[in-house]
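Let me begin by presenting the structure, written as structure tokens, before commenting on it.
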Amino acid sequence: MNSSRNDKQRVQLRTILGAMSCAGVFFAAGCTTLPGGSSPEAISSYVPTPNAEKVATPEDGQPADLLLRDFFSASAHPLSDHEAARAFLTARANENWDAGKETLIMDRIDIKSEGAVKDDHITYRVRGNVVGKLGTGGTFEPEYTAYETTYDMAKSDGQWRIDNLRDMTLMDRSDFMRAYQAQSIYFVEQGGTALVPDRRWVYSRQQSLGASLISLLTAGPQGELTNAVKSVIPEGATAQTQRNQNGEFVVDFTGLTSLGPKQREILAAQVVWTLAANEVRGPYSLNADGTELSDKVQGAWNVGDVSQFDPRAEASTPLRALVDGTLVNVSDTNYKSVQGWVQGQHIESVDAAPQDDVVAIVSGRGDEKRKLMVGGLDDQPTTATEAKSLSSPSWGSSQNTLYTVADGRKVLRISRSTTTGETRREEVNADAIDKLGIEHATISVFRVSKDGTHVVMLINGRVFVSVLKQGTAGDYFLGRPKEIGYPLGDTAVAADWRADGSILVGTRASDAPVWSFAPDGSQATQLPSRNISAPVVAVESAASTMYATDARALMRLNAGDTDSQFWREVPPLQGKRGIPVLPH
């Protein structure tokens, strides 16, 4: 048995829906596995056995290769320590197999024998490409790795069974996507003002999705979001869930006596939006230590009670565009220059803050030094920094913080006072990029999500995601970058966040100029390419409309159009190569 890594290849990944959960009527913070189990998935006895009619089982007289194929299909069902898959093993293999040591998702599984049947034994070599690994708590780690191993088969009571296999779970992504689904658990950014999604994969055949979600929420953030976000749920707190006779989804917490009113409101927002965003219907009855969670709401909670934390809310500012170095407002019929201090500046790039009318621009041309200027349109701007080159500025979760990259490598965090307009610059520790081992690594795009925590970067044309973390001394640093753009190789030119938390990417590849990626790299979707020409140098999105600047003009793709597969020019800017500008 062995595994090997191929050089990077361009391959199209499909949706991978997958999951680990710690579901049940009763859970404690830190619950991520079944007692005595080492599997990353944890599903309590509250969850019923899945419908046996749709789970592969060994058939009488089944050929060895077909039985092995069905074993991989059954491996997508993790209940009772992979009980469904264990039916395909000999007694010896069943006793020795540790299914939870590693969980790999393959793009396909090819099975070839290594010889003829001898003494009722046969060995099959299994090959394919790993597209991801599943970790504790349902986290997904993208990768693209050539993989192969062997499975020894033997006849047991006249029936073929698997007699020797590695301590791991291997499954085809098509089986995986039929059995699992992606969900977002919401924690809060360090400032306590915005919810941050923590994407997990949950086994779909459960009696109570809500129970599983609350279990994951109680367990706290996992993977790269550890130390980047916070949960107000104290360590050791527990929760019970049920649907009462009034139709309310009830969550009873214990161990929350130390929480103050503001923390309780944040917890309510975490719970309500985690449930509502994943289609667990309210109203929601939230209790703590035998009383109502908060005095703010009498009775059950609804999304309107925590609307200020709405992770799906979008800024309502109209479309702006950068045309020939000038910032313009774009309406349905015309465009006009934006008034204020930005007039007369030769703007190279620009971003608008998510609140109020504050903008940040990079100005300069030719061999001039680039300046980052920040301010409200009716105010005087502040020059925040200068450098030989500056990436397009990117705001965080408010008008108080923005980011840029100086000279392709130095990540800068700019803090702005909302009262005086003054700015303060500090460098974000980006040593994690050095560990990627990329020669002459240069960051061309650095875009922060609207929650202010997630980052998408283009490094030498490759797509990476990371998180912004804060150290104990108040300093900021980048978490480990994860490459999610394997299908693109090094062809990425532009990237930005979509309203639903996915990532829009423009490329220089003529056959696939625009893509959409899940933020954990589990899904890559090639978007329609009709009437759009590479290179796509800028991308933006708002609600159901996507914008892209291609080789000719500013284009848009509207899901509401009768022909949603056809990119069209933005009418007032026909023939002009404008760059779209929208706040997150």
Side-chain angles (χ1 to χ4, degrees), residues 21-32 44 137 183-198 200 208 210-223 225-244 248-278 280 282-311 313 397-398 451-453 467 469-472 474:
S21 66
C22 179
V25 167
F26 178 84
F27 4 80
C31 172
T32 54
S44 80
Q183 309 289 352
S184 289
I185 313 301
Y186 287 98
F187 298 100
V188 66
E189 51 84 33
Q190 296 290 348
T193 60
L195 293 182
V196 180
D198 188 355
R200 309 292 186 86
S208 176
S212 181
L213 295 173
I214 296 301
S215 172
L216 290 169
L217 181 64
T218 306
Q222 301 284 327
L225 277 179
T226 303
N227 300 324
V229 297
K230 62 183 181 180
S231 176
V232 296
I233 303 175
E235 185 177 353
T238 62
Q240 291 178 294
T241 68
Q242 63 176 317
R243 179 76 69 175
N244 67 18
E248 298 171 343
F249 190 87
V250 182
V251 184
D252 291 309
F253 288 101
T254 59
L256 304 187
T257 54
S258 62
L259 297 189
K262 181 60 178 178
Q263 291 174 308
R264 289 170 181 262
E265 182 183 0
I266 292 173
L267 175 55
Q270 286 185 253
V271 172
V272 170
W273 283 114
T274 293
L275 295 171
N278 294 303
V280 178
Y284 310 100
S285 178
L286 309 181
N287 306 302
D289 302 295
T291 63
E292 291 186 342
L293 175 64
S294 170
D295 294 334
K296 181 180 178 181
V297 173
Q298 301 297 318
W301 293 67
N302 289 289
V303 293
D305 298 315
V306 285
S307 59
Q308 72 273 29
F309 291 96
D310 186 353
S397 59
S398 73
D451 56 56
T453 301
V467 294
K469 301 188 179 188
Q470 189 171 13
T472 54

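All values derive from a computational prediction rather than experimental measurement. In this chain, residues are counted from 1 in sequence order.
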Counting only heavy atoms from other residues, nucleotides and ligands, does the tally under 6.0 Å from CG of Asp295 exceed 12?
no
Do Leu275 and Tyr284 have side chains that get closer than 4.5 Å, going by heavy atoms?
yes
Checking the side chain of Gln263 only, and the main-chain atoms of Gly260 only, is there a donor and an acceptor separated by less than 3.5 Å?
yes
Checking side chain to side chain contact (heavy atoms under 4.5 Å, CB included) for the pair Ile185/Leu213: CA distance, chi angles, key distance, verdict?
CA-CA 7 Å; Ile185 313 301; Leu213 295 173; 3.6 Å; yes
Test item: Leu267 and Ile233 side chains (from C-beta on) under 4.5 Å apart, heavy atoms
yes
Interatomic spacing from CG in Asp252 to CD1 in Ile214 - rounded to 0.5 Å
11.0 Å
When rounded to the nearest 0.5 angstrom, what distance separates CD in Gln190 from OG in Ser397?
11.5 Å
Leu293 to Ala288 - nearest heavy-atom pair and separation:
CD1-CB, 3.8 Å
What's the shortest heavy-atom distance between Thr226 and Pro221, and which atoms?
OG1-O, 3.6 Å
Under 4.5 Å between any side-chain heavy atoms of Val306 and Val271, yes or no?
no
Has Glu292 got a side-chain atom pairing as donor or acceptor with Gly299's backbone, closer than 3.5 angstrom?
yes
What are the two closest non-hydrogen atoms of Ala211 and Phe249, and how far apart are they?
N-CZ, 4.0 Å
Is there a donor-acceptor pair under 3.5 Å between the side chain of Asn278 and the backbone N or O of Ser184?
yes
Asp198/Arg200 under side chain to side chain contact (heavy atoms under 4.5 Å, CB included): CA gap, chis, key distance, verdict
CA-CA 6 Å; Asp198 188 355; Arg200 309 292 186 86; 2.9 Å; yes
With a 4.5 Å cut-off on side-chain heavy atoms, are Ser231 and Gln270 touching?
yes
Please give me the minimum heavy-atom distance between Gly137 and Leu216, naming the atom from each residue.
O-CD2, 3.7 Å
How many angstroms lie between atom OG1 of Thr218 and atom CD of Gln240, to the nearest 0.5 angstrom?
11.0 Å
With a 4.5 Å cut-off on side-chain heavy atoms, are Phe309 and Thr193 touching?
no
Between the side chain of Glu189 and the main-chain N/O of Gly191, is any donor-acceptor distance below 3.5 Å?
yes
Under 3.5 Å, is there a donor-acceptor pair between the side chain of Asp289 and the main chain of Leu256?
yes
Determine whether a donor-acceptor pair (N or O, by modelled atom type, separation under 3.5 Å) exists between the side chain of Thr274 and the backbone of Tyr186.
yes
Heavy atoms of Ala239 and Val251 approach each other most closely as CB-CG1, 4.4 Å
So Arg243 and Val250, do their side chains get closer than 4.5 Å, heavy atoms only?
no
For the residue pair Val229 and Val188, establish whether any side-chain heavy-atom pair is separated by less than 4.5 Å.
no
Run the side chain to side chain contact (heavy atoms under 4.5 Å, CB included) test on Phe187 and Leu217 for me, step by step, so that the C-alpha distance in whole Å, both residues' side-chain angles and the decisive distance to 0.1 Å come before the verdict.
CA-CA 8 Å; Phe187 298 100; Leu217 181 64; 3.8 Å; yes
Just by distance, do the side chain of Asp305 and the backbone of Asn302 share a donor-acceptor pair under 3.5 Å?
yes
Given Trp273 and Val303, is the side chain to side chain contact (heavy atoms under 4.5 Å, CB included) satisfied, shown in steps?
CA-CA 7 Å; Trp273 283 114; Val303 293; 3.7 Å; yes
Can you find a heavy atom in the side chain of Leu259 that is under 4.5 Å from one in the side chain of Pro234?
yes
